[in-house]
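Down below is the structure, laid out as structure tokens.
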Protein chains: 2
Amino acid sequence: MVSEGERRQTTIYDVAAAAGVAPSTVSRAFSRPGRVRAETAERIRAVAAELGYRANPQARALTTTRTGMLALVLADVTNPVFAEVVRGAGRACERDGYTLLLAETEESAEKERAMVDRAQGSVDAIVLTSSRMSDAAIRQIAKVEPLVVLNREVPGVPSVLVDFEPAMRRITEHLAELGHRQITYVAGPEASWADGMRWRGLRLATEHLGIRLRRVGPVAPTVAGGQTAVVDWDDHRTSAVVAYNDMVAIGIVRRLTASGVRVPEDVSVVGFDNTPVGELVTPALTTVAAPLRALGETGASNAIALAAGARSRATDPIRLPTRLIVRESTGPARD
Amino acid sequence: MVSEGERRQTTIYDVAAAAGVAPSTVSRAFSRPGRVRAETAERIRAVAAELGYRANPQARALTTTRTGMLALVLADVTNPVFAEVVRGAGRACERDGYTLLLAETEESAEKERAMVDRAQGSVDAIVLTSSRMSDAAIRQIAKVEPLVVLNREVPGVPSVLVDFEPAMRRITEHLAELGHRQITYVAGPEASWADGMRWRGLRLATEHLGIRLRRVGPVAPTVAGGQTAVVDWDDHRTSAVVAYNDMVAIGIVRRLTASGVRVPEDVSVVGFDNTPVGELVTPALTTVAAPLRALGETGASNAIALAAGARSRATDPIRLPTRLIVRESTGPARD
DNA sequence: ACGGCGGCGGCAAGCGGTTGCCACTTGTTG
DNA sequence: CAACAAGTGGCAACCGCTTGCCGCCGCCGT
């Protein structure tokens, strides 16, 4: 029964008047259960429903300083890896009655700053994914606002990250079992924390197993990037290559295949991230699955907990386990 | 120079005191350029900057009833199609200084309702992508809040959509040119407005060109769905099949290939959406590219315009053009 | 009978901005 | 020189909700 135009939202005052109580009582009926006699509360609820009352979030936030919103900032939703993280964060938010605010930085540190800045006042907590900002900047934000970083380690700031070391070890073992004695790592963007961790993990593992490791790159984390990685392949071939991620791996495979090198007969290629494409491509990619959804989810819910007052600051990072997925792009080394 | 703990945010009152003016002047210095003498404004700005003043969005919203936020609700960010839309909407928001609020419904109409409900009070406008709600429900929301729907036509509600008809015509012509005289359409989810449009467009085009059209499905809009679509292929084979989307097309190709049917030599397959995978798969998919980014962008900016007072309600839907991308999954019909 | 207490509801003061209106200065005009 | 308009700044009343505090009432203990 809405009449035309500009209808003012109904407020607690309207409800109060209609129910014959004070506004404060209406407020309490909703936000302070038990503080009001059950029957009164019931009556108020009924009247409110009848009038279509809906609390004004801004007004509430003004006094409580809590908005019930969580900001997730990341580089690119279009990247399946991040999309998965968004999904996880969304779930956590829904569970806790929070609203998700999404900020895409498109890889720019300044944009990231700007978005965080903007969000700051509007949200109860912030989750930074693969941040491009400096440790100092991040720490600065963390002291003003509940903050958790994903896939990044900033001392003193809560973080949750994919546990790369065992992942790289598993890859190395897998390759070693197949008889490979040297591996090429094709690096991703230098600014990438993940790249650093993967390289490090790989170095540790190969050292331990006595495998020779070579590094090329950095290349763009894309198919095109992967293709550029193997231009001078003949001069430095190894029987196995580990790529920064699936896209790069696919690029490598294509390039190799195009120049007559067969995968996995001639060289084995392993990706990272378990992107959906990895399964669809020929040969299907051996890769490692990271719990991206869980990353987003625990990140968000920790942030929310922080906002709710959990003062568990100086904790160690939470590390999420990975899983090696062996498909067709890896095979026995041809001696 | 931040001291420990619970520091209260600095407000216009603090700035006013420090600058020796009234709070209202501070307010105007920021939100009403020209209303205050230039030098005064400058001084206020300086003081504000010094004190690290940041307007409280909630307080502002309380009086202005404008939050500067836009809600984008969609089923699944994990779907590249939607991810692209998000990206577009994000761009539009950034351009206009808006903040993006993202709601994932995971295909559930109830969740969609709930999220819209929640968002309602917090945003200036809403963009619904491939909504699962009834026309009536959507219209209801539209009369309370600026709303635009994407890929959906609801009379009286502003909408922007991919122009399917020419797209399907292009597909049909392409196939006809290759000598195909019958086409199978593998349908997507029944609830999908897009599916209806694609089928309709295909019917029109095939009729016009005198091509026989058959329909199978519906199937899930996934690779698995596509695989189930061709179980009884031998009984009803056509030389060409048009799939609901790229995923389904890939499923079809795999199934066909697995049972010894070659693509495109024996049958041509065309997808829809120009998902990134389409290019990576073998054979690379012929498909149609929809301007998804633009869809999100114009949707969002129209919604923002609406919020800003544009009363261009009863307009016709905006239709965005598509582009046929011919790759390797289509070829001459073998007579 | 009286003081105390717990349960319930109302009063009113904010929260941090915005804005209509008024007042004071200057500059302009007849 | 008076009247007036434009340019600036301040006052104070909100916006809608929360919350500390007070008051009223009925009940209990002694």
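To find a chain, count down the sequence lines: A is the first, B the second, and so on, and within it residues start at 1.
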Next on the checklist: Reading DNA chain C from 5' to 3', where do the contacts with chain B start and stop? Cut-off is 4.0 Å to heavy atoms.
Outcome noted: C:dG16 to C:dC21
Checklist entry - For DNA chain D, what residues of residues 16-30 of chain A have any heavy atom nearer than 4.0 Å? => result A:Ser24, A:Ser27, A:Arg28
Item to check | 5' precedence on DNA chain D between B:Thr63 and A:Arg32 (nearest-nucleotide basis) | outcome: B:Thr63
Checklist outcome for this item: Here the distance between atom C1' of D:dG10 and atom CD1 of B:Ile12, to the nearest Å, is 13 Å
Next on the checklist: A side-chain contact here means heavy atoms from C-beta on lying under 4.5 Å apart; do B:Val21 and B:Ile44 qualify?
Outcome noted: yes
Checklist outcome for this item: Separation of D:dT19 atom C1' from A:Arg60 atom CZ, nearest Å, is 13 Å
Item to check | Full working for side-chain contact (heavy atoms from CB on, under 4.5 Å) between B:Leu128 and B:Val116 | outcome: CA-CA 9 Å; B:Leu128 248 39; B:Val116 169; 4.0 Å; yes
Checklist entry - Given A:Thr99 and A:Leu70, is the side-chain contact (heavy atoms from CB on, under 4.5 Å) satisfied, shown in steps? => result CA-CA 6 Å; A:Thr99 294; A:Leu70 173 83; over 6 Å; no
Item to check | side-chain contact (heavy atoms from CB on, under 4.5 Å) assessment of B:Val162 paired with B:Arg319 | outcome: CA-CA 6 Å; B:Val162 172; B:Arg319 295 175 193 281; over 6 Å; no
Checklist entry - Any side-chain heavy atom of A:Leu74 within less than 4.5 Å of one from A:Phe82? => result yes
Item to check | Nearest-nucleotide pick for A:Tyr13, side chain only, options being D:dG10, D:dC17, D:dC21 | outcome: D:dC17
Next on the checklist: Rounding to an integer number of Å, can you tell me how far A:Asn56 CG sits from D:dG16 P?
Outcome noted: 7 Å
Item to check | Heavy atoms from other residues, nucleotides or ligands near CD of A:Glu50 exceed 12 (cutoff 6.0 Å) | outcome: no
Side-chain atoms of residues 23-31 of chain B: list all donor-acceptor pairs with protein atoms under 3.5 Å, sequence neighbours left out, distances to 0.1 Å.
residue : atom : partner : partner atom : Å
B:Ser31 : OG   : B:Ser27 : O            : 2.9

Checklist entry - Under 4.0 angstrom, heavy atoms only, what part of the nucleic acid is B:Ala61 near: base, sugar-phosphate, or nothing? => result nothing
Next on the checklist: Please classify the nucleic acid contact of B:Ser31 as base, sugar-phosphate, or nothing, using heavy-atom distances under 4.0 Å.
Outcome noted: sugar-phosphate
Next on the checklist: Restricting to side chain to side chain contact (heavy atoms under 4.5 Å, CB included), what partner residues turn up for A:Ala137, sequence neighbours left out?
Outcome noted: A:Arg113, A:Met133, A:Ser134
Checklist outcome for this item: Between B:Arg35 and B:Arg54, whichever has its closest DNA chain C nucleotide further toward 5' is B:Arg54
Next on the checklist: Do B:Arg91 and A:Glu106 have side chains that approach each other closer than 4.5 Å (heavy atoms only, starting at C-beta)?
Outcome noted: yes
Item to check | Polar contact flag, side-chain donor to acceptor under 3.5 angstrom, B:Ser130-B:Asn151 | outcome: no
Checklist entry - For residues B:Ser131 and B:Glu112, is any side-chain donor paired with an opposing acceptor at under 3.5 Å? => result yes
Checklist outcome for this item: The correct set of residues in residues 36-53 of chain B placing a heavy atom under 4.0 Å from DNA chain C is B:Tyr53
Checklist outcome for this item: Axis-to-axis angle for the helix from C:dA1-D:dT30 to C:dG30-D:dC1, ends of five pairs each, to 10°, equals 40°
Checklist entry - Is there side-chain contact between A:Met69 and A:Tyr98, with at least one heavy-atom pair below 4.5 Å? => result no
Checklist entry - Out of A:Thr64, A:Asn56, A:Thr67, which one pairs with B:Gln58 under the side-chain contact (heavy atoms from CB on, under 4.5 Å) rule? => result A:Thr67
